[in-house]
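As structure tokens, the structure follows; a few thoughts come after it.
Numbering of ligands and ligand atoms starts at 1, following listing order. The first residue in the sequence is number 1, and the count goes up from there. All values derive from a computational prediction rather than experimental measurement.
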Amino acid sequence: MSEKQALGLEELLNHAEVQRVTASVNLELLDRRKYKPFLAEVFSGQCTTLVNDDRFGFELDKEAVKQLPDIINKGVLTVVAENEPDDALAKAYRKPRHIGIVFSGGPAPGGHNVISGLWDAAKRANPETKIYGFILGPDGVIENETVELTADMVDAYRNLGGFTMIKTGRTKIDTPRKMALSRETCKKLGLDALVIVGGDDSNTNAAFLAQELLPDGVQVIGVPKTIDGDIQVSDTQGHVLCAISFGFHTAARAFASAISSLYTDASSDVKYWHICKVMGRVASHLALEVALQTHANMTLIGEDLADYLDERRLKAAQQHNTVDYNAYGMTLRHLSRVICDGIVSRAAVGKNYGVVVIPEGVLEFINEIQVFIIKLNTIIADYNATHDVDFHKAFPVHDDKLEYLRRLAQRSMMDKSFTVWNTRDNDLFNDIPEFFREGLLSERDAHGNFQFSLVETDKVLLGLVKNYLNILKDQGIYRLGISRKHYTKTLAREGLDPDTFGEAVFENYQQGDFLLRRSSIISIKTLENALRAGGLLDSDQRVPPAIIKIYNESVPDFKTQTHFYGYDGRGNDPTRFDCNYTYNLGWTVFSLIANGATGMMAAIRNLEHDFSSWVPIGIPIAPLMHLEERKGRLELVIEKSIVDVESNAFRVVKSLREDWLGARPGEDNSRRPGPIRFMGKSEEDRPITLKLNSLGKKPI
Ligand code: FBP
């Protein structure tokens, strides 16, 4: 019998060590809560004022001038310290206020620090100020669901990820009724200011609310949030005002850390290709940053594909004096071939493994899919505009939706003016896999955006890649390179002379460390034929087992694992960069409010430089608006920023692509970003894309 007695369950659960290791409050959490973010110098004074910075200017959209007349003619405001405020300023700055804050859209690491920064600034100015958190996003504003924040609540979430404290939601305040209800909420709470922490659509919403609530004296301030990194603001002369939204750095680092670990596994076990889809909606900013962080073997950048020109097709068309429209832009099939080329070239040097990064919005840049997305958006929007029941409620089952599309195609045959969905569209659409069709027909979000995260892009591409690789395998093009050393050893073990068989079996026997089986050898039978033709086998002789072994080893098996990186990185605790960034955004928000600003987005200039050069500013939102097609109508929105293929970051990735593909003997040039380190030294303290893109630009 064992000398140790088993502990009774109650005794076990009450054991001090059990209680310590299972407590939900651990040392990491306590360290995070204790961390004091860096605070920009301007906030160390008694109070702040705002200075109109006329070095920055915008071209105004006529429609924005019409719809947002009272907030359009504003410039960039820089927050400056005021150590000797006059009485009027001190009084206005320190008056007790009621401020409401709401999170809108997907979570992004750092949101809680916007709250803690706002809280610290507001309470320092006047401890009587009340801050209300709206519960579950904009619905909380519409329905007046709030919680008054307390010091304990704020302290519990300092430097922590998620939007857990007050939650979030995706409702848009876009109808006169929702606007009226929101206005009523502001009145009931006696709000002086409403802070909207959200993406491009939510900041657009903030501008409309600012205009609407102006007569009530309610100021509205936006905060640029989204892991997608697609809120980047420059003025007309290209001066960068907001280099990146908060949350981007953390999400990219979290994805990169996981993807780099996958590569470590793949390069150890050498049997899997990992296909990693990463979030980011339409823009490929996250994928680009992940590429820089990890040196993944292949990274697709949607914006790059849109610019693609098929030189071969172009030449052929020129020779025939015709135009081949398929030569412009990438097709799904062509893209799958580009991926296959990478796989085949790595296999040639014995590497039948690797990592591919695919941005979730890549399909937006593929010709034929983009056409479907636009057409279906229009059909759904038209349906909703003319029927009482929403399209998805009217056709809850996939087959019903297809039937509706079929009817539209029939209508196009009778009514030539109806061109949005013809029989060819219908046939092509029915040709694509069902899960993909379902994705394309899935519900749009409240802002009319196509929900890329619901489409299994990776699966679509992978299906095509697998099919094409099988063809290449049959053609003897997809084959594994055999190390010369291994070949020699294997044959010598059976007493065979490697040189006798080398020429007949391999196409590059005279050169290279990796031997490539002749493409005409695609089976034991064709191998046998080749040896006989070379006079290496008599009619009664069989292929030597050592050669068969080498043949079998040269036949690749394409094994894959698919991964989706999105929600995990979105929920990560923020990097030190995001902690500092958001805390300062919170203080900036308060400075804007305390100095009477409205219709502004809080931002920090010089984010790419050291913390000590950060400059808190307010960017007027209305001048950022332009007209865009949404839900089938032209609407005023803030333009999403996509990857600029002329940027430093993209050009660096493009020129290092070959190197990172690693289609050469020897180890790959992979990079280990490591896990997110909050404390201690870290070489990389802000997004690499940000650093690269700032090169050659003088800080202003
Ligand atoms: P926001 O634009 O609201 O910040 O959301 C970002 C995002 O994470 C996208 O990357 C992704 O496509 C989408 O949200 C997923 O939406 P949902 O949370 O509704 O699944």
For Trp614 together with Phe611, are the ring centres under 6.0 Å from each other?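 Yes: the rings meet the under 6.0 Å criterion.
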Check each protein residue for a heavy atom under 4.0 Å from ligand 1 and list those that pass, ordered by chain and number.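 Its neighbours under 4.0 Å (heavy atoms only) are Gly105, Gly106, Arg170, Lys225, Thr226, Ile227, Asp228, Met279, Gly280, Arg281, Glu360, Ser453, Tyr567, Arg570, given by chain and number.
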Nearest non-hydrogen partners of Ala602 and Thr588, listed with the distance: CB-CG2, 4.0 Å
Looking just at side-chain N and O atoms, do His626 and Glu628 make a donor-acceptor pair shorter than 3.5 Å? yes
Side chains of Arg444 and Asn377: donor-acceptor distance under 3.5 Å anywhere? yes
Out of the candidates Asn580, Asn113, Asn159, only one should pair with Tyr35 under the side-chain hydrogen bond (donor to acceptor under 3.5 Å, both in side chains) rule; please name it. Asn580
Parallel, tilted or perpendicular, as decided by the 30° and 60° cut-offs, for the rings of Phe564 and Tyr567: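 Tyr567 and Phe564: perpendicular rings.
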